[in-house]
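Structure record follows, encoded as structure tokens.
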Amino acid sequence: MSRGPLIALIRQGSPMSLTTIASRSASHSPKDVLARRVNGIIIDLTTPTSGDRPSDPVCRADADALPLLRHDTAHVLAQAVSELFSDTALATGPATEHGFFYDFAAEHTFTDDDLVRIEARMHEIVDRDETIVREEWDRETALSWCRENGQPYKAEIIRSLPADAVLSFYRQGGFVDLCRGPHLASTGQIGHAFRLLGTAGAYWKGDRNNPMLQRIHGTACRDADELAAWERCQEEAARRDHRRLGREMDLFHFQPEAPGAVFWHPNGWTLFQTLLAYLRERQQAENYVEINTPDIMDLSLWQTSGHWEKFGENMFTTETEGRTYAIKPMNCPGGVQVFRHGLKSYRDLPLRMAEFGKVHRFEPSGALHGLMRVRAFTQDDAHIFCTPEQMEAETQRICHLVLSIYKDFGFDDVRIKFSDRPEKRVGSDDIWDRSEKALQRGVEASGLSYTRNPGEGAFYGPKLEFVLRDAIGRDWQCGTVQVDLNLPQRLDAHYIGTDGDKHAPVMLHRALFGSLERFIGILLEHHAGHLPFWLAPVQVVVATITVAADAYAHDLADTLRQRGIRVASDLRNEKIAYKIREHSLAKVPLLLIVGKKEEQAGTVSIREYGNPETPTMSTDTAINRLINASYCRLTRVFDV
RNA sequence: GCCCUUAUAGCUCAGUGGUAGAGCAACCGCCUUGUAAGCGGUAGGUCGUGGGUUCAAAUCCUACUGGGGGCACCA
């Protein structure tokens, strides 16, 4: 496709109408060119540019077209709402990562039925193909427009802008909105590939002290195919929802008496324990020791550590015999007590102390979400006590360990965020310099790239965060390394250095999965419930075709069980197709099917998830391969 | 915590002012099974909880609790 004539036209830099472009361009229909880019900045087609700066068209097919379309759809939403509900005040309506929203202030509460009407009106507005015109008003005109039209939020935006700011308004038909732009040339360009998704409350300017507005959000795509693809993706995400899978696979449940706390069922707890065993093995190989500390400790300890002041709102407490205790929201103070117990020498460092501590945090009710956000969870925590000189090497070791572990679970796409000193912090700049450098050198020595998150570190030290991307492209922040030069001092931890003096150790807080509960949720969604063979709570079901094979099946299951395989047998009086369907739906990775033929030949028929073949092989061979696959943590046993 | 929304059988859902329903699952029986649902029967619910309106409430109003979508929060 040649863009030559069109680009030449746009390069002239003068305002032009769409029809002009379209009439002179053989390769673009008017709807294809949405805006143009001058010096990397996207502007309206109709905005004049000075001089002879080159400009390029932004076409519908371009990646940057999507935010433009979505922003315009938000305006059409606002227009539709204004037309249908005249007393509505407008707040803001941007494009977002996945769509758009517009916030409104209205007496009327928008219902689902309203959304249907609003969406229908939006389609009408697109069909009207109203020209979108940019106007620049002076401040007085703008503010009086706000007064006359009942737009207090727009007025507030104007007042927050510098006095000399250019105030641009966009007019489409009878609708006018204060907006920075850029916008398309007409509402018809938007097309019909959009959908309203729902309403929600949202604080004005995101501040909970401000009034709550009504947000209507939706998504828009470049064409119907993309919208259909987006919808399929939504359905896929719903299909993978770990709350649904948890029920279907009988892993866990929640109930009203314990909001935000998990009731693990046998299958779920087996998975949990499998993960724990895995982590223990990896940590042991890295020369960690494991400890366990009390769940409930006197409040004074939490006051000394600083948690009560800094985190008290999120802590549960309990009183008995007139004494106040706190239920631990973090493991670090307990870990420091173990370090403190008995004099430590520099020869003991680095001391890597892991703890699978169950912590409780009061999370606001609105924040709870399945396993992903709970009030009670198990951290795969470790505190590494080391000298300042050891920080870099320890950081490097942790980075390697984390990435290696993620790989074992099928997460290859991992990003690292480096959060440095926040404004509110403890410790001297010198200490921060050293901490940040050590972290940075550690991550760089691992050969890993990272992005910087300025000012996002913890108050006691900088941190690395490991973000993994799942099978359907969602990001999850899991592991973390945090440098802490504060807590050891507060809790009076020290070691004897080579100089014979006491020194405060550096403490590295480190989590691999973060929360076992949450990681299980992520794993379930990543694999859509089809866990790798080595992880599945029930790895194998031995199913019989006829009662004649019961004894054979029983012996087979017994052998596997004794050799460490998680196996169940299904000897029910049911058709084999029925059993297969049931265990397939339960996401058992491997079915061993036996009937008279298998018994006579000493074989099993193998039905593995994802494999259309159902090979038959000798029982001994099958057992050996199974055990090997489980031991080697393979995703599949009998791969095609 | 805030806004909206939602709660009917183990699960998925129907029922919008007048005698609580279906499918699947469970249980019992028949069938004796060859790679994703064989057939028949039985049982199962104070319609989340508490108030209120009404001759009458699963249905309307209200408060609370839990869930969902967002906002805020995420040391």
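Below, read A as the first sequence line, B as the second, and so on, with proteins coming before strands; counting in each chain starts at 1.
Annotation: B/C47 and B/A20 have their P atoms spaced 10 Å apart (nearest Å). Rounded to whole Å, the separation between the P atoms of B/A26 and B/U59 comes to 32 Å. B/U12 and B/C71: their C1' atoms are spaced 31 Å apart (whole Å). For the C1' atoms, the distance linking B/G17 with B/A57 amounts to 7 Å, nearest Å. B/A43 and B/G21 have their C1' atoms separated by 16 Å, given to the nearest Å.
Nucleotide B/U16 has no partner under the Watson-Crick or G-U criteria, as no pair reaches both atom distances under 3.5 Å. For B/G66, the paired base is B/U6 (Watson-Crick or G-U wobble, both distances below 3.5 Å). In a base pair of the Watson-Crick type (N1 to N3 plus N6-O4 or O6-N4) or a G-U wobble (N1-O2 and O6-N3), with each distance short of 3.5 Å, B/C11 is matched with B/G23.
Phosphate contact (OP1/OP2 of B/A25, side-chain N/O of A/Y578, threshold under 4.0 Å): present.
Scanning atom types as modelled, no donor and acceptor separated by under 3.5 angstrom connect the side chain of A/R208 and the base of B/A72. For A/Y203 against B/G1, a side-chain-to-base donor-acceptor contact under 3.5 Å is present. Side chain A/Q214 to base B/G70: no donor-acceptor pair is found below 3.5 Å.
Backbone-only engagement by A/K310 is indicated by non-hydrogen atom pairs under 4.0 Å involving sugar-phosphate atoms exclusively. Within 4.0 Å of A/I580, counting heavy atoms only, lies at least one base atom of the nucleic acid. Within 4.0 Å (heavy atoms only), A/K597 reaches at least one base atom of the nucleic acid.
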Heavy-atom contacts, protein to nucleotides 63-69 of chain B, under 4.0 Å, summarised as B (base), S (sugar-phosphate only) or - (none) per nt, yield ---S-SB

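Side-chain contact check for A/E613 versus A/F638: every heavy-atom pair is 4.5 Å or farther apart.
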Check nucleotides 14-16 of chain B against the protein and report each pair of N or O atoms closer than 3.5 Å, with its distance, or say if there are none.
none

Atom pairs under 3.5 Å, N or O on each side, protein against nucleotides 10-12 of chain B: can you list them with distances?
{"residue": "B/C11", "atom": "O3'", "partner": "A/R247", "partner atom": "NE", "Å": "3.4"}
{"residue": "B/U12", "atom": "OP1", "partner": "A/R247", "partner atom": "NH2", "Å": "3.0"}

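Spacing between atom CE of A/M212 and atom C1' of B/C4 amounts to 10 Å, rounded to whole angstrom units. Distance A/L197 CG to B/U5 C1': 15 Å, rounded to the nearest Å.
No more than 12 heavy atoms of other residues, nucleotides or ligands sit less than 6.0 Å from atom CD of A/E313.
Taking the ring centre of A/F533 as origin, the terminal cationic atom of A/R636 falls outside the region bounded by 6.0 Å and 45° from the ring axis.
Residues A/A91 and A/I157 approach most closely at O-CD1, 4.1 Å, considering heavy atoms.
Note: A/H108 and A/F110 meet the aromatic proximity criterion, with ring centroids under 6.0 Å apart.
Ring-plane geometry between A/H242 and A/H369 is classed as tilted, the angle between the planes lying from 30 to 60 degrees on a 0 to 90 degree scale.
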